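I have placed the structure first, in the form of structure tokens, so that the comments after it can refer back to it.
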Amino acid sequence: MAAEPVPRSALRRVPRDELFDTAFFEAVARLRIVARRVAGGGRFAEQRSKDMGSGIEFRDFRAYSPGDDMRAIDWNIYRRLGRVVLRLFEELEDLPLYLMPDVSASMFVESGDGASPRAVAGLRAALALAAISLRQHDTVGVMPFAEDLRIAVRPQAGAGRTLTLAGHLAAIEPGGPTDLVRSIRRLKATRLREGLVAIVSDFFDPRGIETVLHELGGLRHRLLLVQLARASDRDPDIRGDLRLLDCESGQAENVSVTPAVLASYRAAYDRFQEQLTEFARRRNAGFVRIDVDAPVVPQLAQLFESGALLA
Amino acid sequence: MTFSMMGWGGVFAGLAALGAALFVLQRLQVRHRDVVVPTTMFWREAVEQARARVLFQRFRHPWAFVLACAIAACLWLGFAGPTLAGVGDREHVVLVDGSAAAAHAGRWDAVRAALDRELGDLPSDRTVVLCGAAPRTVLAPGEHPALLRARLDGLAPAASSPAMDRELSRLRGEARERPLTVTWLGDTAPPEGVGGDVEVRWVAPEGAPRPNAGIFALGMRHAASGVAGAVDVLVDVGGAVELAGRTPTVAVDGEPLGTVTARQRDAEEGDAGGRQRFAVRDVPARGGLLEVSLQVGEGDGLPLDDRATLRLPDLAPIRVALGDGVPGALATALAADASVQWADAGGEVDLRVGLEGALPPGDGPALVLATAATGHAFVLVTDDERAADRSLRDAVAALGLDQLDGAALAEETRRPITVGLERGAPRELRLWQALFAADLEFARTRALPVVVANGVRWLVGRPPLVPFAAAGEPLLGALDGRSGGSWVDGEGRLLDPLGARFEPPTAGVFAGDEFAVAASLLSPAVTEAGAGRAMDVTPAAVGGGSGDVVTWLALLALCLLAAEWFFYRTGRMP
């Protein structure tokens, strides 16, 4: 039986000052240093182009053919071997980062104990990742999703665009119910240049995680799954005869929460979690689980240092 | 275990109904608390898994249901009034003295108190019988003691002699499946040596009866002096109160026999133990009510036995007018009757005797000699409205005709000797004149004067001499053989003994078809109740006390309620 969902008017956009304060930007700056040191070139992943280009990375030798660039001749080999060969170098390209922050209604609903909505941690995580990519001269696009995907910021590069992106993220309005499947299909239809798609979400799609992962499996981009979770997702502190209202759909479920029911709930959540991590492992996707009730940037730094974010 | 409020069927039916009701309540939709969650998809899956289990686990909160059922069962069983001392190996009957012996000052309350105590120790299938004017079951097996208190509140000891021994005899004579224990509750001691499988335990109420003295015997006889129309009255008094110098007063129809000389009021004997006998001689018997009173003074424990009454017979001469032609044998028999007084035919006459068609003038009762030896040998004309067979039977007995050798007489007369009954007034007795023929044996038999004398008295309807009438004692009937027929008490209730000898149930006036009697409380057991009882008797323990199961059930229910509250408050139970 569907009841009235949480009205849109009850959802509020998190103010920018509350979302991205000075301490957050300082933390992000430290995070960029950590990321650069750990990743060598500071990239999320090495994007090696298939093309031979004028990069500085040596790749191979080739016999000289008339018309080749004389500057590429390796004169050391000519002196030793008397043969004329060309030194070939890699063409390194940037890795576009397509941020997909979840801005559905559930992300903006405050939890019962007064904790911040998940959207706070989600948007912060998105900005932190964007800051790292921009510092590496990668392009960053912002495509929030709720009931559908939309392009809030087209992929753009520039290290100084962090603040601009912060403003765009803070201006995102709460959306409707979650439809990750449709949003992924929309992303596929955009025919964007292959890059890294970072989905920042709790992945609570009413169609089920199997359907979502099936759709993600057909995506040609690299994937980084940033799961926004809190402890009460697996261990809800509720007891008794309850009518549970889905904050997005308004679906009501009458439940007598007994120890047996709680055990079944945890088992269902564990299956969901396992499916998500197993997909990331098989897909060779990046996976990070963020506790929304704890500072986001230290969790990302920890994961950088552990190498978990390197695909 | 048994239940005083209902049987086992009712107990189980109630438990089943409570269980069903609680089950329905458990299954009803409860009021849920609304909680907003990010998603319900995990909860749906969890509920589906829980729903898919076996039927038993589909039931919501089984332990809460069990706890509620346990509480309800305790309360229901407590309401049912269980007792551990249920049906045992012996049957229990409590005989309670409801006679005048319990009417002594304060004794009825003591009897009730003792009864309350006894009920607490007896099993629930006991019977309590109140032995007053008539045995009366006041508490049937399985009934709650509260019913007994309500019933006894409307009762009081009757002015009757103790009847517990007769009830005990009746119980002893009954066939029963289990041995019987009779609890004898009263001041008078039970009879000894009852025997059989009947055990008698005497429970005396607390305390002792106050000292008492009264009249315990009253009777009369024809005057020994031979004075016509007079009787001698004998009175026995006694008790624990000193009666020296106290003489009962005697009155007839309210008139004291103050004019009786000292000769007529003698103290003849003085028995040991405080008993005395008085004789009142030559009391004129004219059918009045004789009343004897004894002034005991302060300290008298029971006023009921201080007064006794007796209906005097009417022994006034019967004025008989004799017609012409009456056989000599009949005239001789009439002359021999000391009560008969010849009267002139034209004067005041009580009875006319003569040949049919030649009776002396008048319209009163008549003894008629039928000249024709046809029809019945004896015909009784009476205005008795009872059934003909009963009227005839009583009349035949009253006349003494049942003492006649009817076969011999029939042989002599060569005719069947029968008795007939006709309705009419005034009374008549018609008999064959031929019966008095000199050559018939009937004229010479000793039955003739008896028949004539009884016939004369039956015709004139005089109250007979009833020697004594005691409450609870069989009425011997009149000396002239009349039994009195059917009897009613002072409130008009029929006390038909169905052919048995009539027993006045209590002191009072009882009217029969033939005559009335005034019964009195005349019982040495009542008058001397408790006298000489040295100590209180400690009753034998019955064994197997009932136990107050109800209290324990209530305590258990209270504990379960507390546990339920604790579990609810700690969130372990919804």
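If you're wondering where the values come from, they're calculated on a predicted model, not measured in any experiment. Sequence lines set the chain letters: A, B, ... in the order given, protein chains first and strands last, and positions in each chain run from 1.
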Self-check item: Which portion of A/P259 sits near chain B, non-hydrogen atoms under 4.5 angstrom
Solution: neither
Quiz prompt | CZ/B/R151: more than 12 non-hydrogen atoms of other groups inside 6.0 Å | solution = yes
Exercise. Give a yes or no on this: more than 12 heavy atoms of other residues, nucleotides or ligands lie within 6.0 Å of atom CD of A/E173.
Key: yes
Quiz item: So what's closer than 4.5 Å to chain B heavy atoms on A/L244: side chain, backbone, both or neither?
Solution: both
Quiz item: Distance from A/L242 atom CG to B/W43 atom CH2, nearest 0.5 Å?
Solution: 7.5 Å
Quiz item: Is atom CG of A/D237 surrounded by more than 12 heavy atoms (other residues, nucleotides or ligands) closer than 6.0 Å?
Solution: no
Exercise. Sort A/D205 into side chain, backbone, both or neither according to what part of it lies under 4.5 angstrom from a heavy atom of chain B.
Key: backbone
For a quick test of your reading: what N or O donor-acceptor pairs under 3.5 Å do the side chains of residues 35-42 of chain B make, sequence neighbours left out?
unit_1, atom_1, unit_2, atom_2, d
B/T39, OG1, B/M41, N, 3.2
B/T40, OG1, B/R44, NH1, 2.8

Quiz item: Checking A/R118 against chain B: side chain, backbone, both or neither under 4.5 Å from a heavy atom?
Solution: side chain
Quiz item: Among all residues two or more places apart in sequence or in another chain, which pass the side-chain hydrogen bond (donor to acceptor under 3.5 Å, both in side chains) test with A/R186?
Solution: A/D148
